[in-house]
Every structure is written in structure tokens, then in C-alpha cells.
Number of protein chains: 2
Amino acid sequence: MIKHLEVRERLLARIRDMRPDDVLPQERELAETFGVSRTTVRQALQSLIEEGLIYSVRGRGTFVSRGRISKGPTLTSFSDDMRARDLEPGSRLLTAERRDAEPELARTLEIKPGDPVFHLERLRLADGFPMCFERVDLPAAPFPRLLDQDLEGSLYQLLAGRYRTVLANAEQRVSATTLNRRHADLLGVPLRSPALYVRRRGIDARGRVVEFARSLYRADRYDFEMTVHR
Amino acid sequence: MIKHLEVRERLLARIRDMRPDDVLPQERELAETFGVSRTTVRQALQSLIEEGLIYSVRGRGTFVSRGRISKGPTLTSFSDDMRARDLEPGSRLLTAERRDAEPELARTLEIKPGDPVFHLERLRLADGFPMCFERVDLPAAPFPRLLDQDLEGSLYQLLAGRYRTVLANAEQRVSATTLNRRHADLLGVPLRSPALYVRRRGIDARGRVVEFARSLYRADRYDFEMTVHR
DNA sequence: AAGTGGTCTAGACCACCCT
DNA sequence: GGGTGGTCTAGACCACTTT
């Protein structure tokens with residue numbers, strides 16, 4: 001087990017029993033308590049600060065943040081996201097086909113026009129009810145036989161497991177829209193209901209574009225929580 | 001000058017002249033070149049990795065990312081935000097009054113029910129056209145004579161300049177909605193047009209709640225861009 | 001003056017990738 | 001086996017806050 005992650009876990013356990021603005025023991029003391037160097041303690045503290053769970057003030061100390069665990073803008077799959085909300089994720093595959101990339105899609109995926117891509121359409125469910133309609137395009141070359149796999153589970157997990165491709169970061173654009181007949185029916189809401197429209201370009205550790213996804217989230221059941229800094 | 005920031009600057013200059021997937025010198029070499037320890041080099045590299053400018057692969061090296069500088073989710077004012085889009089920010093003050101905090105607002109602002117708060121309503125403009133309708137509540141105590149100030153400019157700048165209160169981070173919740181008669185008229189769009197609805201709680205460096213803002217952005221003219229990691 | 005977090009060092013070993 | 005990034009150590013000094 002990596003030490004700073006272990007320290008992080010033990011700090012998390014402490015923080016859970018503390019109240020907002022309570023002060024944590026000082027770093028040198030934590031280092032002694034956990035039997036690690038101060039550097040390692042600081043590495044663990046830093047990750048908690050980045051998530052907004054604690055904050056530090058020079059010359060005063062490190063304190064528990066107000067507010068609760070609001071997950072920062074990290075890259076999570078729909079499945080993880082739903083589980084974090086205590087909802088059971090599901091999926092209904094609507095379309096799965098091989099296509100030739102249109103020029104604009106090719107540019108987005110950084111491949112050549114006409115190169116083969118996989119196009120998926122899925123209805124994402126939470127506790128069995130529609131939450132999100134998503135269309136995903138992926139370059140076909142890195143993912144042989146993708147369409148033969150089980151595409152109703154987590155796509156990210158499939159890419160990581162079978163194709164050793166892990167998404168490292170994503171460019172995301174979030175806007176609002178109202179739903180047309182087809183999308184409203186799929187999501188089980190009235191025509192012209194509001195929805196969050198998210199366009200995402202997923203990038204792997206080497207900087208290759210792995211997916212371009214467009215999702216429509218029911219506005220009455222979903223919102224983005226984020227903590228922004230400085 | 002803090003060393004790791006200086007190293008960061010010098011690395012940035014190098015990266016600008018490199019192409020995607022070019023490899024950077026190895027960390028031990030950079031340390032020697034810049035006359036600092038490897039730890040300090042790593043601190044500089046880390047900040048560039050977090051911004052997506054470079055990526056590292058264990059056992060291979062550190063490389064320049066594809067894609068350009070995509071600003072992460074940082075805390076910007078409306079004014080900064082508009083200027084980044086080459087739009088001239090403006091403001092029309094609709095309401096500015098002192099109120100007593102309702103219980104729910106008091107809880108959000110972490111003050112006592114009945115404590116005085118300032119309530120502002122502003123129409124935010126971009127190149128003179130409505131972009132966003134915002135309602136802001138602030139605790140009155142830390143901001144004496146706030147209502148006598150010029151409230152049509154940047155609120156963040158006013159808080160920083162006159163009251164020495166700098167927002168350190170904010171909890172934000174983004175959802176979608178459709179506009180009612182009043183809000184549609186204010187924003188100059190048809191009834192029931194889609195809009196982004198943002199609720200934000202701004203926190204200062206000491207963890208005190210400074211503002212609670214609810215904003216409605218025209219969906220046809222505004223979206224959130226963000227880069228998410230890991 | 002004492003205590004806190006912020007920065008930095010020099011060196012060590014580990015985990016992983018390549019040839 | 002040699003080279004890379006990842007983790008960790010023990011110690012030092014600095015900048016800031018509080019007493």
C-alpha cells in the first residue's frame with residue numbers, strides 16, 4: 001500500500017468525526033503519529049485540500065472545511081456517478097454500429113475523414129428509470145471487436161479492462177437545452193422539458209482522443225456539483 | 001521568487017517550442033539544468049500535468065500533450081469570464097436592499113436567522129446584451145455600507161478592494177431549467193427558453209461564506225467549459 | 001518568541017518500460 | 001540491465017499568525 005494513500009485514509013476517518021472549522025493536529029505531529037515523514041503527510045493533506053475537504057491557513061493550521069463531501073470535477077463514469085448518489089446504474093443499448101467518420105467528427109477525434117468509428121447510443125438508467133441519453137463515437141482502430149462486447153455496462157471499464165486504455169482527462173462543455181419529441185420520449189418526460197447537454201472529448205494518458213460523447217441529462221433528476229478554486 | 005514557479009515558467013517557455021508527444025528532458029537532468037532539487041522540478045511538472053499541458057508515463061518519460069491550453073475550472077468573475085470570450089462585460093442593477101435572513105438563507109450563509117443580509121439582483125450584459133440574471137445574497141456584517149458602493153461593476157473586485165475579502169473557492173451546482181415570464185423578459189428571449197441555472201456558495205480563505213448567488217444564463221449564448229482529470 | 005504551514009534539499013529505493 | 005518517473009526520508013529554513 002502506498003503510504004500517502006494510507007495516511008489519507010486515516011485522515012479521512014478522523015475528519016469524518018470532526019466538525020467544520022475544527023483544527024487538525026499539526027503536520028509534524030501527524031507525521032510522528034503515522035510514522036511517516038512530514039513530506040508524506042503533506043502529500044496526503046494536499047489531495048484532501050484539492051477535494052475541498054480541508055483547508056489550510058499559513059501560520060494557523062489545517063482545518064475541516066464547511067459543507068460536505070462535494071466531489072470536485074473529477075472524471076467519473078456514469079456508473080460511478082450514480083453509485084455515489086446511491087442509485088443503481090443501468091444501461092439500455094439502442095444503437096451500436098460501425099460508421100465512416102464525417103469530416104467534423106474526424107477532426108474532433110483527430111483521425112482522418114472516412115476512418116471507421118463506432119457509434120453507440122445508450123439510455124442510461126438510475127434505479128431502472130431513464131436519467132440520460134448518450135451518443136458516443138470512438139475511433140475503431142484501437143478497439144477491435146468492440147461491438148461484440150457487452151456494451152450495456154460501463155464503457156470506461158471495458159476500455160480499461162479489455163483495451164488497456166484509461167481515460168486521463170476530458171474536455172467538457174456543459175449547456176442547457178430543451179428536449180425534442182424523440183429525446184423527451186426516451187427520457188420519459190414531456191416535450192420541451194429542460195435538459196443538461198454535455199459534450200465531452202475523452203483523452204487517454206498519451207493524449208490520444210478516445211471518445212466523443214454527447215449526453216442529455218434530465219434536468220429534474222440531475223445536476224453537476226463542483227468545487228472551483230481560487 | 002518561489003523557485004518551483006520559476007522552474008515552471010522556464011518549462012513553459014520550452015514547451016511552447018515543442019510539438020505534441022515530444023519528450024522533455026528527464027527530471028534529474030532538469031534539476032541540474034535549473035540548479036534546483038528534483039523535488040522542486042517535480043513540483044513544477046506536477047502543476048503543468050494538472051493543467052493538461054504535459055503528461056508523464058512511468059518508465060518512459062514526460063511528454064508534451066496534444067491539444068491546447070484548456071483552462072481548468074477556476075473561480076472567475078462574470079467580468080473576467082466575458083473578457084476571456086472577447087465580450088465587454090456590463091451590469092444593470094435591478095435591486096439592492098437590506099433584508100433579514102430567512103432561516104434557509106441563514107443556514108446557507110452560516111449566520112443566524114434574522115441577521116441582516118444584502119440582496120442584489122443584477123442583469124449581466126455582454127456587449128450590451130443580456131447574458132445572465134443573477135441574485136446574490138451576502139451577510140451584511142462584514143461589508144459595511146456595501147449598498148453605497150458602485151454595484152454595477154465586478155462584485156468580487158469590490159469585495160477584494162474595499163473589504164479585503166478574497167474568494168478562495170466556491171461550491172457550485174449547475175442544472176438546467178426553462179425560463180418563466182419575468183426571467184425570459186429580462187433576458188430578452190421567448191417564454192420557456194432553456195437556461196443554465198447555477199447556484200454558487202462562495203467561501204473566503206478562512207472558510208467563511210461570503211455570498212450565495214443564483215444565476216440564470218441564456219442557454220443560446222453561454223456554456224461552461226471545463227477540463228476534468230483522472 | 002513560539003508555533004504553524006510553505007518551500008527546498010540531497011539522497012535513497014521502488015515500479016515500470018525498454019532493449 | 002539501464003533508464004525513467006513515483007515514493008519517501010530527515011532535516012533545514014522561510015513567511016506568516018498568534019501570544
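Just so it is clear: chains get the letters A, B, ... in the order the sequence lines come, proteins before strands, and each one is counted from 1.
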Rounded distance (Å) that lies between atom C1' of D:dT4 and atom CG of B:L24 =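 After rounding, the gap between these two atoms is 13 Å.
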ask   = Can you tell me how far P of D:dT18 sits from CZ of A:R60, to the nearest Å?
value =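 Interatomic distance, CZ of A:R60 to P of D:dT18: 5 Å.
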key: Residues which pass salt bridge (Lys or Arg N to Asp or Glu O under 4.0 Å) with B:R83, listed by chain and number, not counting sequence neighbours   =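 Only B:D80 meet the salt bridge (Lys or Arg N to Asp or Glu O under 4.0 Å) criterion with B:R83.
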note = Given protein heavy atoms under 4.0 Å, the one-letter contact record of nucleotides 6-12 of chain D, with B base, S sugar-phosphate only and - none, is simply BBSBB-B
inquiry  = Between A:Q46 and A:I49, is there a side-chain heavy-atom distance shorter than 4.5 Å?
reply    =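 Yes, side chains in contact.
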task = Go through the side-chain N and O atoms of A:E6 and A:H4 and say whether any donor and acceptor fall under 3.5 Å apart.
result =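 Per modelled atom types, A:E6 and A:H4 side chains form no pair under 3.5 Å.
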query = Between A:R124 and A:E134, is there a side-chain N and carboxylate O pair less than 4.0 Å apart?
reply =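 So A:R124 pairs with A:E134 through a salt bridge.
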Any donor-acceptor pair under 3.5 Å from B:E211 side chain to B:A213 backbone =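 The answer is no, because no donor-acceptor pair under 3.5 Å joins these two groups.
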